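Please read the structure below before turning to the comments.
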Amino acid sequence: MKILDIVIHPHLETSTVNKTWMNRLKQEKDITVHDLYGTYPNGAIDVEKEQQLLLDHDRIVFQFPMYWYSSPALLKQWEDDVLTYGWAYGNKGTQLHGKDFLLAISMGAAESSYQVGGDFNVTISELIQPLQTTANMIGMRFLPVFKQYGALNLSKEDVQNSAEKLVNYLKTEH
């Protein structure tokens, strides 16, 4: 299975978790790592290139930090530009049907913050509904989310362990 890990982090150079995940995933021969902000620092997305990357892989991963209870802005632009009518959806838009889709998300806060009655009074499942709905609309199989809570307080060893868990998770049949 060929896996495409699309890293969406506007400040990857200062990241601990997402940068470690990305560097660890780059070591895997069957995983293509694609840094969206690094590739498109000015936001001018090459739609054909992005669509070809999607076609060339079986499992698509959006890797990002939870950013104001959502994904970073470039991901929304990428979706608007790349997932076009007649290609990703619509009568003839079946290019991504049957492919796996999953999210790898890091959150600075503890898991207890992301629940009804917690600090944010909302769950991760509720926050990712737009991405899950997009996957459903374009015919992709939405897989369970890989979550790393408490990213701001992890030890170096915990971050490395998280990266290993992510590698194993991405390669696992779900």
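Note that this is a predicted model, so its numbers are computed, not measured.
The aromatic ring centroids of Trp21 and Phe146 lie less than 6.0 Å from each other. Aromatic ring centres of His174 and Tyr169: separated by under 6.0 Å.
Judged by distance alone, the side chains of Gln115 and Thr123 never bring a donor and an acceptor atom under 3.5 Å apart. In this model, no donor atom of one side chain and acceptor atom of the other lie less than 3.5 Å apart for Gln132 and Ser125. For the residue pair Asp158/Ser155, the side-chain donor-acceptor check at 3.5 Å is satisfied.
Open room surrounds CD on Glu157; 12 or fewer heavy atoms of other groups in view lie less than 6.0 Å from it. Heavy-atom neighbours of Gln27 CD from other residues, nucleotides or ligands within 6.0 Å: above the threshold of 12. A 6.0 Å sphere centred on NZ of Lys165 holds no more than 12 heavy atoms belonging to other residues, nucleotides or ligands.
Interatomic distance, Phe101 CZ to Phe62 CZ, rounded to the nearest 0.5 Å: 4.0 Å.
Minimum interatomic distance between Pro65 and Ile8 (heavy atoms only, all atoms of both residues): CD-O, 3.4 Å.
Classified by interplanar angle (parallel below 30°, tilted 30° to 60°, perpendicular above 60°), the ring pair His9/Tyr67 is perpendicular.
Salt-bridge check for Glu111 with Lys147: failed, with every basic side-chain N at 4.0 Å or more from each acidic carboxylate O. Taking the charged nitrogens against the carboxylate oxygens, Lys26 and Asp5 have no contact shorter than 4.0 Å, which rules out a salt bridge. Asp30 and Lys2 are not joined by a salt bridge, as no carboxylate oxygen comes within less than 4.0 angstrom of a charged side-chain nitrogen. Between Glu164 and Arg24, at least one side-chain nitrogen of the basic residue sits less than 4.0 Å from a carboxylate oxygen of the acidic one, meeting the salt-bridge criterion.
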Enumerate, atom names and distances included, each donor-acceptor pair closer than 3.5 Å involving a side-chain atom of residues 88-97, sequence neighbours excluded.
none

